[in-house]
Amino acid sequence: MSAPLLEMQGVVKEFPGVRALDGVDLDVVAGEVHCLLGQNGAGKSTLIKVLAGAHKTDEGHIAWEGEPVALTSPTAAMRHGIATIYQELDLADGLSVAENIYLGHEQARMGFTRRSRMHDAARQLLRRLGHPEIPATREVGELSAAGKQLVSMARALSHEARLIIMDEPSAVLAHDEVDNLFRIIADLTAAGVAVVYISHRMEEIRRIGDRVTVLKDGRTVARGLPARTTPTSELVALMTGRTVESVFPPRRDAGEGPEERPVLLDVEHLTLPGKFEDVSLTVRAGEIVGLAGLVGSGRSEVLETVYGARRPSSGRVSVAGTALRPGSIAAAVRAGVGLAPEERKSQALFLHSSIAHNVSMSSLRRFAHAGFMDSRTELNATAEAVRALDLRPPDPTRPVRTLSGGNQQKAVVARWLLTDCRLLLLDEPTRGVDVGARAELYALIRRLADSGVGVLLVSSEVPEVLGLADRVLVLREGRVVTEAAARDLDESIVLDLVMEGSSA
């Protein structure tokens, strides 16, 4: 192996009361995809910010091409050729594509921006990334998530980056957009650019990774493992400190069969023009039903329509035999329906408020008396829900923004437990959640189902749908193309259905 482009040894970073990095070792060579794994809280985000120059190290050694360096600011990191593309893209929506690419290092002469030259340079970068169709003059806020990510990559290349750090870059991308991302990464590494790639998705690491470094509790527990041949069980054990034989809990087979349980949700011929058409499905008490399909197949829109956030043009939604008023969230919540949406941070949580405030949000009437909130009763009830879901740390006064992704998702689910929810709608429940926390969420969802709650689940990850659901509906271009017991399907069958629409 060639000499490292970047080498870190014994890196330590402390915050008041927290040792976020406690001796991290990492080496990255030019032209490789180096995958960084670890549970939420393992230190990945802090490590990224150290490399980006946003955090200064307290101890340790960083070398660039064999020479010691001090990454004391983002400008210093950029000067060495280190660029970071964060999971939550730091772009200015009101500026054009070209202005975002060259923000902070504008093409200027004698104090005046040379716009035509900047536009030409931006077009060349977008052409290099395989997307010449993106106009350099278009406002970034008008682009899709994939388009914005391409602008971030172009900005990195505008600094002549030799090391690009990508934090969960595929989290918001559709299947074909992920393929394009991987093509771009392959082109970059072929040109000698190194990529540090952070993802919770093992299949991505197998597909594009060269080597893997694993962090746990702020320490490097494995360094430079071969990405394609290291067993998943070994990587999981390194991340969690325990062996996970199967992340999915067993289905309940004893007792009455699913067909003997009462129907909780009955959707009949539901249509939302431009999104989905003539969708019918049922969810029984204690049953988990999965919706599989590509992004844009109508999966999320089905959940949102059932919840009342969208008004269908035709069709009917009934809960426990009672028809819900179309387009009424209040009617759905009164009937015992709860939704954990796809984007929990922007759609479900008040990040700067406490866990207690977030959990009680849908049950405020329960804690209000004569127009005043009974804060003690609210705190006691939310504390009980927090304990029931093993949310950590179990402090309901803590700001929800300080929680890991898995515990934030538990806070959303806890909200609906207080409403005596009997039908739970879950949209991408494990997005951005590490493998250890995923296992906990899967066990929680199964426990809820075993207690009689019906669950309608949407996930982009086919193994997750097949592993967790009792029954699966496959959607393609807004239509249900098949329905079957999960045990009668496998990943290849589902992928064939969602991609081609043909039966197995």
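All values below come from the heavy atoms of this structure, side chains included, with hydrogens, waters and symmetry mates left out.
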In a table with atom names and distances, give each donor-acceptor pair under 3.5 Å that connects a side chain of residues 319-331 to protein atoms at least two apart or in another chain.
| from | atom 1 | to | atom 2 | distance (Å) |
| --- | --- | --- | --- | --- |
| Arg325 | NH2 | Ser328 | OG | 3.4 |
| Ser328 | OG | Ala331 | N | 3.0 |

Requested in this report: Keeping to residues at least two apart or across chains, list the salt bridge (charged side-chain N to carboxylate O under 4.0 Å, His left out) pairs with something in residues 390-405.
Outcome: Asp390-Arg392, Arg392-Glu440
Query raised in the report: Taking only residues two or more places apart in sequence, or in another chain, which ones meet Ser459 in a side chain to side chain contact (heavy atoms under 4.5 Å, CB included)?
Result: Glu428, Glu461, Glu464, Val465
**Report entry** Residues forming a side chain to side chain contact (heavy atoms under 4.5 Å, CB included) with Ala136, sequence neighbours excluded
**Finding:** Ala98, His119, Ala122, Arg123
Requested in this report: List in chain and number order the residues that pass salt bridge (Lys or Arg N to Asp or Glu O under 4.0 Å) with Glu268, two or more places apart in sequence or in another chain; answer none if no residue qualifies.
Outcome: Arg316
Query - side chain to side chain contact (heavy atoms under 4.5 Å, CB included) partners of Leu364, counting only residues at least two apart - result: Ser360, Met361, Met373
Query raised in the report: Which residue pairs satisfy the salt bridge (charged side-chain N to carboxylate O under 4.0 Å, His left out) criterion with at least one member in residues 226-240, sequence neighbours excluded?
Result: Asp210-Arg228
Report task. Please list, chain by chain and in numerical order, all residues satisfying side-chain hydrogen bond (donor to acceptor under 3.5 Å, both in side chains) with Glu304, sequence neighbours excluded. Result -> Arg310
Report summary line: Contacts of Glu384 meeting salt bridge (Lys or Arg N to Asp or Glu O under 4.0 Å) (sequence neighbours excluded), chain-then-number -> none
Report task. Under the side chain to side chain contact (heavy atoms under 4.5 Å, CB included) rule, collect the residues that match up with Asp450, sequence neighbours excluded. Result -> Arg252, Arg446
Requested in this report: Please name all residues satisfying salt bridge (Lys or Arg N to Asp or Glu O under 4.0 Å) with Arg471, sequence neighbours left out, ordered by chain then number.
Outcome: Glu287, Glu483
Query raised in the report: Residues two or more places apart in sequence or in another chain: which of them pass salt bridge (Lys or Arg N to Asp or Glu O under 4.0 Å) with Arg387?
Result: none
